[in-house]
Every structure is written in structure tokens, then in C-alpha cells.
Amino acid sequence: MTSAKPSTLLVISAHAGDFVWRAGGAIALAAGRGERAKVVCLSFGERGESAKAWRAGRTLDEIKAIRREEAQNAAAALGAEIEFLDAGDYPLVETPELVDRLVRIYREVEPDVVLTHPLADPYNGDHPAAARMALQARVLAQAAGYDAPGEPLGAPPVFFFEPHQPEQCDFKPDVLLDITPVFDRKRKAMECLPAQQHMWDYYTDLAKRRGVQLRRNAGPNLGLPHDTMGEAYMRLYPQVTDVLA
Ligand SMILES: [Zn+2]
């Protein structure tokens with residue numbers, strides 16, 4: 001697995017805020033290792049995840065501009081680059097053109113790891129739609145005959161990040177990522193999103209709970225105090241290894 005280029009993380013997010021709540025720690029860790037971290041937002045979450053701005057009487061174009069700026073600030077706080085495809089939300093409509101744009105991003109970025117939404121979310125159809133397009137584009141980008149610039153993609157592992165109501169989305173964590181060293185950066189990124197201020201403490205509390213579970217799975221349960229913060233993920237494809245660990 002030696003490579004001349006540094007590792008690259010690609011995060012495909014339905015709405016402007018999703019990558020912050022669910023994967024901000026992973027993104028900050030990758031950026032902190034000097035890796036390229038790229039976030040693709042398929043929409044701004046302008047219709048479905050901007051209730052505060054609608055209540056304040058903002059127009060659609062104003063809301064998109066607000067959410068773009070917030071997400072840019074959050075990405076900068078995490079050390080990531082960000083691209084908006086402005087495909088619309090509620091509903092986010094799956095189209096061959098949008099999948100093709102994602103294929104071209106895969107071919108350009110050549111990610112070593114891909115993060116996206118789980119495939120089920122009965123509360124929000126945009127999230128599984130984003131996941132389906134992210135996965136379809138990954139498969140197409142692997143095809144030698146697919147007509148897009150760049151080389152055929154390898155087989156980057158795909159991790160689903162944690163949905164808002166995991167039990168309803170068939171989300172059972174099988175990876176717990178220690179984000180303790182970068183949690184302050186994640187919190188700062190969350191605070192770049194005042195449109196969704198109600199989420200800041202919710203996702204701080206979630207990181208504490210996942211941190212407790214991380215410690216329980218990392219060693220004996222001695223009941224000692226700790227400040228571990230975690231993020232939960234599910235792997236879509238099998239882990240490939242020559243040593244079980
Ligand atoms: Zn969302």
C-alpha cells in the first residue's frame with residue numbers, strides 16, 4: 001500500500017451541515033496528518049435543514065448563500081476543502097448527470113477512504129439518495145471503460161457516518177474512531193453553523209457516549225475517569241488484511 005501521493009479522504013454529504021456533525025472528527029484527524037480532505041456537498045440543505053432562516057423570512061437564494069458561507073467556514077475550521085454541487089434538496093433528486101459529476105470527482109481526488117450517509121433513513125430521503133449516488137459513482141469510476149478523465153479508481157473502503165437516529169437507520173457501529181485530539185476543532189466547526197445551533201450540544205454529548213464505548217472496547221473496564229471523544233462508523237465492504245487484529 002505504498003503510494004507517492006499522500007492519503008486522501010473524500011466525504012460525500014447530502015446537505016451543507018451533515019459532514020460537520022457526523023464526520024468532523026475524521027476530517028480534522030486526516031487534515032492534521034497532512035492528508036487531503038475533500039468534502040462534497042450535493043446541496044446546501046436550503047429547504048430541509050434551514051428552518052431558522054426560513055422563520056426569519058429569508059429568501060431561497062439568501063439561505064443558500066448563508067449555508068454556503070457557514071459550511072465553508074466549518075470546512076476551513078476542520079482543514080478540509082469543500083465543493084458544492086447545488087443539486088437542490090427536499091428532494092435531492094438522483095440523476096445520471098449528478099452521478100457523472102461524482103465520478104469525475106472520484107477520478108480527480110483518487111480517495112483512499114470514502115465517507116457518506118448510510119443507505120437507510122426513514123426521516124430523510126436525501127441522505128440515502130446521496131449514499132446511493134456516492135456508491136454508484138464509486139463503482140462507475142472503477143470501470144476502465146467509463147468515459148471520464150483520469151485513471152480507473154481502486155477500491156477505497158466506504159464508511160457510513162452516524163445518522164441522527166441510528167436505531168431507525170439500521171446503523172450499528174462497527175468502527176469507533178478516537179477523535180479526542182481534534183474534538184475542539186470539531187466543536188469550533190459545529191459553531192460555524194448557527195442555522196443549526198440546536199445540534200451543537202447534541203453532537204457533543206454523542207461524542208462523549210461514543211468515547212465511553214470506545215474505551216470499553218479498547219481495554220478493561222476499570223471505571224477510571226477519562227475524556228475520550230468518539231465518532232461511530234459502519235464499514236460497507238469487508239476489511240482487507242493479512243493479519244487479524
Ligand atoms: Zn442532512
Side-chain angles (χ1 to χ4, degrees), residues 9-27 37-55 58 60 63-75 77-78 80 82-95 98-99 101-102 105 114-137 158-171 173 186 189-207 210 231-234 236:
L9 175 69
L10 177 63
V11 184
I12 299 179
S13 169
H15 309 116
D18 296 332
F19 71 94
V20 182
W21 320 118
R22 315 188 199 294
I27 295 167
K38 169 149 184 159
V39 175
V40 175
C41 290
L42 296 173
S43 79
F44 300 104
E46 60 268 24
R47 294 185 186 277
E49 298 185 0
S50 303
K52 195 173 168 184
W54 286 107
R55 287 200 309 274
R58 303 293 195 134
L60 180 63
I63 292 169
K64 286 165 73 168
I66 292 166
R67 298 311 313 271
R68 174 193 287 271
E69 186 178 359
E70 288 180 2
Q72 283 172 332
N73 292 340
L78 297 170
I82 189 163
E83 180 174 352
F84 302 94
L85 301 191
D86 194 11
D89 74 329
Y90 281 71
L92 172 63
V93 178
E94 293 171 70
T95 66
L98 199 47
V99 172
R101 290 178 75 183
L102 290 174
I105 289 169
V114 178
L115 308 182
T116 192
H117 299 267
L119 286 163
D121 189 340
Y123 297 96
N124 191 320
D126 290 359
H127 293 161
R132 287 191 297 269
M133 287 190 282
L135 296 178
Q136 172 70 346
V158 177
F159 295 85
F160 294 140
F161 44 64
E162 180 160 6
H164 198 59
Q165 298 206 38
E167 297 86 350
Q168 306 302 322
C169 303
D170 301 327
F171 184 88
K186 176 169 181 173
M190 292 198 284
E191 292 177 2
C192 292
L193 305 175
Q196 294 175 284
Q197 188 170 353
H198 56 290
M199 306 275 264
W200 299 353
D201 287 343
Y202 183 92
Y203 277 91
T204 299
D205 293 341
L206 179 63
R210 292 308 188 195
E231 271 175 3
Y233 293 88
M234 282 181 75
L236 177 60

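When a ligand or atom number is given, it counts from 1 through the structure's own listing order.
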Report the name of the N/O/S atom of Glu49 located nearest to the Zn ion (ligand 1). OE2
Among the N, O or S atoms of His15, which one sits nearest to the Zn ion (ligand 1)?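 Minimum-distance N/O/S atom of His15 relative to the Zn ion (ligand 1) is ND1.
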Distance-only, no hydrogens or angles: does the [X] side chain make a donor-acceptor pair with backbone N or O of [Y] under 3.5 Å?
X: Asp126; Y: Leu92; result: yes
X: Trp200; Y: Pro194; result: no
X: Tyr202; Y: His164; result: yes
X: Glu231; Y: Gly24; result: yes

Please determine if the Zn ion (ligand 1) has an N/O/S atom from His127 lying under 2.8 Å away. yes
When you measure from the Zn ion (ligand 1) to the N, O or S atoms of Asp18, does any of those distances fall below 2.8 Å?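 Coordinating: yes.
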